[in-house]
Amino acid sequence: MSYGYEPIGAKHSIRERLFFSPVRCTAILLTVALSLTSIGFIMVQRPWQSTVLPNIFSPPVTNMFGPPVPEVVSANVYDPFVAPSPSEAIVDPTVRPIEAHCALSDECVDMWVSTGQWQEPCRHSMVQDANIDLVYVWVNGSDPLHRQARQELLAKTHYKTKDARFREHDELRYSLRAARNATASWPNSTWHVITADVPDPDETDDNRRLGLVPQWLDIECAFYGSPEGQPSIRLQHDTELFRLTGRPGATLKATDSSTWLQKVIPSFNSHAIESQLPQLDPDIVSENIVALNDDQFFMLPLPPSAFHTTMYGQVFRMQWDLLVGGDSTGRADGGGEWRSLGWSSYLLNERFGERKRPYMHHNARALSLPLMHETSLAFGSYFAATPLSQFRGSHKVAEEFEVNTIFLTTHYVIERHREALLWSWVVAKWGGASGVIDSAQKDQMWRELGGSNSESRRDNETLTMLAPERTTGDNVETNLLMGGVQPPYSSDPDRQADTTYSWVSMDGYSASFHQFAAKATINRAECLGREAEPAWAVFRRLLKDSPSCGDNVIASLIHASKSGLSVFLPLPPPEPTPPSPSDPIILPLELPLEAPPLPQNPRAFAVRLLLRYAYVLGDSPTLFLGLKSATQGERALVGADKKKNTALLCLNDDLRDGDQTAMNGVLRRWFERRWPEKLQCEL
Ligand SMILES: *[C@@H]1O[C@H](CO)[C@@H](O)[C@H](O)[C@H]1NC(C)=O
Ligand SMILES: *[C@@H]1O[C@H](CO)[C@@H](O)[C@H](O)[C@H]1NC(C)=O
Ligand SMILES: *[C@@H]1O[C@H](CO)[C@@H](O)[C@H](O)[C@H]1NC(C)=O
Ligand SMILES: *[C@@H]1O[C@H](CO)[C@@H](O)[C@H](O)[C@H]1NC(C)=O
């Protein structure tokens, strides 16, 4: 079985089309699916499990690490907290390493990235299933205090908004019940529910706020989780997350964040809340997260590798038939997602070169907290501008549109991985210590790409690429098993969700990303040239100015071997030297005109960089149902029941106001039939 790498500009056979289409061809990879039951997976003990009972007499706790102390206002329960002060509401500008990678030895990371095989010296690094936390963003639009705060701001700003955004069908309860059943095997998982908050009507101090609470949840009980395996559920609130970000390197002061907070809080805009998810506290939220809205449901058990593995990175699910081009005009609809998508794609174009990029499936999404945080540093001023729209799309000022955090952070990871490949080959391998590539080296580079060996100096030499023969896909399962990770495939897809790693970044840069630049050739004059040049200039050209040159260079180099990325890497130093602690862990956040200093050990730096941004393009059966009326909705749900292999479901509220009550009944009955068992701390 050959791995489905998509050759650039190739005409696909029907079989290949099926393989690459979002409607996945399950059979191809299922032929290798092992019986998972034959392998014993060690369950990790839940270390946070506590036998200490909450002390109901303790004074109100304002620190996020303690258990919540509920407050009741006109029969509703809230979670009181004190908003961060302006000096606390400033981003931590330190780029964070990925801890799961720090635990691997330099030798192991080098072997893994260069060969694509999890073998000695990684044998003893049983990476195990990733620790993944779920992060929900939730608001109860019917809450009287929330409604009042919303109305006040609408009146003040003369803005109008659709109430559907804030409608509540009790989905969160059932989405969490579904998660309990689907993620029972996940080690050390915590669930975080980020809820809206309102000023405390009993307090004169503006900084004392009340976080909304799902009224059916005993939040003290939920904080502790349960030994039988129900994860701890922690509430955090929108206002707790807000951190001012700025241009990379900018010094931010408390006066800046104070001014900013006054403009952005309260927020009734989910784009604004999502733009602050990168600021989740790494001391309480795992570095791997799956972000969900309350209308998104896990329909079947999934292993952690359906979203994250330490070896292959995050699993992105893309909608290839929905491509987003850059748009800086802000003319697109600001009430939906399009304005933010176009703006985010534009920002990516400016930084990494122009192309169209696929939308992320509107369902549970894998995200990496350290990489989201890095994205918020790289695009700091744009993240800070996003919540200026206190309602979705309300602040229509050039350069201050909302970013789409999920789209931006996902594509940032993909582009940074591509950047790492090009940097490693051009700057580290060929530029080296001198930082200059002379014409003899350019001849060698051209030959490495597959160009002719002849001494001919024709300036217009063009190279046509062949289909690569990679074994990366065939190795995925073995590698995962060697690392102690349960693979994402299922041999019984109606009982356990079946996820395919359709493509992994160990194969370079997915050709699917430049189907529109479709050029199956590299032109030497355009991409490489002949004259001596700074390596940084060649790198910038391949990265950004002629992106299709960069894409095609990567694809050509991928042809050179069957597995791993060693062709991109500089040779190891004669004496093994560990990476220097004074080296940065990433390339600059903004693309400088001049080359930054080369790290002490460029190869060790490069392999860690490539691992940092590793990702997978994955496919699982997903379903997106728009609910328009009770009758249509009921039919759609019956249809959904028949699709037994659906892994991820999204129910989208497109209801007319009159259909509310009827639909609530239909939904409740369907939910109760699917997930009848209450959560541990459900009242
Ligand atoms: C869901 O989980 C609960 C609690 O662990 C269990 O009792 C129930 O049988 C599960 N339901 C399904 C459909 O797996
Ligand atoms: C939402 O708010 C309404 C009004 O206070 C309340 O009746 C309902 O229980 C709340 N829903 C949840 C899930 O908390
Ligand atoms: C469990 O998760 C917490 C929070 O993410 C983390 O601090 C802790 O180290 C994890 N424990 C294990 C055994 O992985
Ligand atoms: C280079 O070759 C291509 C086709 O092979 C041709 O279209 C182009 O005009 C040539 N450019 C130069 C500068 O000769």
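These numbers come from the heavy atoms of this one structure, side chains and all, not from hydrogens, waters or symmetry mates. As the structure lists them, so they are numbered: ligands from 1, and atoms in each ligand from 1.
The protein non-hydrogen atom at the shortest distance from atom 10 (C) of ligand 2 is Asn140 ND2, 2.4 Å. Nearest protein neighbour of atom 14 (O) of ligand 2, counting heavy atoms only, is Gln215 N, 2.9 Å. Scanning all protein heavy atoms for the shortest distance to atom 4 (C) of ligand 2 gives Ser142 O, 3.5 Å. Of all protein heavy atoms, the one lying nearest to atom 5 (O) of ligand 1 is Arg180 CD, 4.1 Å. For atom 9 (O) of ligand 1, the closest non-hydrogen atom of the protein is Glu677 OE2, 3.8 Å. Given atom 13 (C) of ligand 2, the protein heavy atom at minimum distance is Glu168 OE2, 3.4 Å.
With 3.5 Å as the limit, one finds no donor-acceptor pair spanning the side chains of Glu337 and Ser340.
Atoms of ligand 2 lying under 4.0 Å from any heavy atom of Asp143, numbered from 1 in the order shown and given with element: 2 (O). Taking a cut-off of under 4.0 Å to the non-hydrogen atoms of Asn76, the atoms of ligand 2 that pass are 5 (O). Close contacts of ligand 2 with Pro144, meaning ligand atoms under 4.0 Å from a residue heavy atom, involve 4 (C), 5 (O). Of all atoms in ligand 2, numbered sequentially from 1 with element shown, those under 4.0 Å from a heavy atom of Val213 are 14 (O). Taking a cut-off of under 4.0 Å to the non-hydrogen atoms of Trp216, the atoms of ligand 2 that pass are 13 (C). The distance from ligand 2 to the heavy atoms of Pro214 drops below 4.0 Å at these ligand atoms: 14 (O).
Of the inter-residue distances, the one linking Asn288 atom CG with His308 atom NE2 reads 4.5 Å to the nearest 0.5 angstrom. Between Leu172 atom CG and Trp138 atom CH2 the span is 6.5 Å, to the nearest 0.5 Å. Atom-to-atom distance recorded for Leu292:CG and Glu171:CD is 12.5 Å, nearest 0.5 angstrom. Atom CG in Leu649 sits 7.0 Å away from atom OG1 in Thr646 (nearest 0.5 Å). Taking CZ from Phe391 and NZ from Lys160, the interatomic distance works out to 12.0 Å, rounded to the nearest 0.5 Å.
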Do Arg234 and Thr190 pass the side-chain hydrogen bond (donor to acceptor under 3.5 Å, both in side chains) test, and can you show the C-alpha distance, the side-chain angles, and the key distance before you say yes or no?
-> CA-CA 8 Å; Arg234 297 187 136 190; Thr190 301; over 6 Å; no
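Evaluated for a side-chain contact (heavy atoms from CB on, under 4.5 Å) with Pro488, the options Thr500, Val315, Leu480 yield exactly one hit, Leu480.
Distance check for atom 7 (O) of ligand 2: every protein heavy atom is found at 4.0 Å or beyond.
Residue contacts with ligand 2 for Leu212 are absent, since no atom lies close enough (heavy atoms, distance under 4.0 Å).
Judged by a 6.0 Å distance limit and a 45° cone about the ring axis, Arg180 is not positioned over the six-membered ring of Phe298.
Residue contacts with ligand 1: Asn181 is placed with a nitrogen or oxygen under 3.5 Å of a nitrogen or oxygen of the ligand (distance criterion only).
Using a cut-off of 4.0 Å between Lys/Arg side-chain N and Asp/Glu carboxylate O, Asp205 and Arg208 are scored as not salt-bridged.
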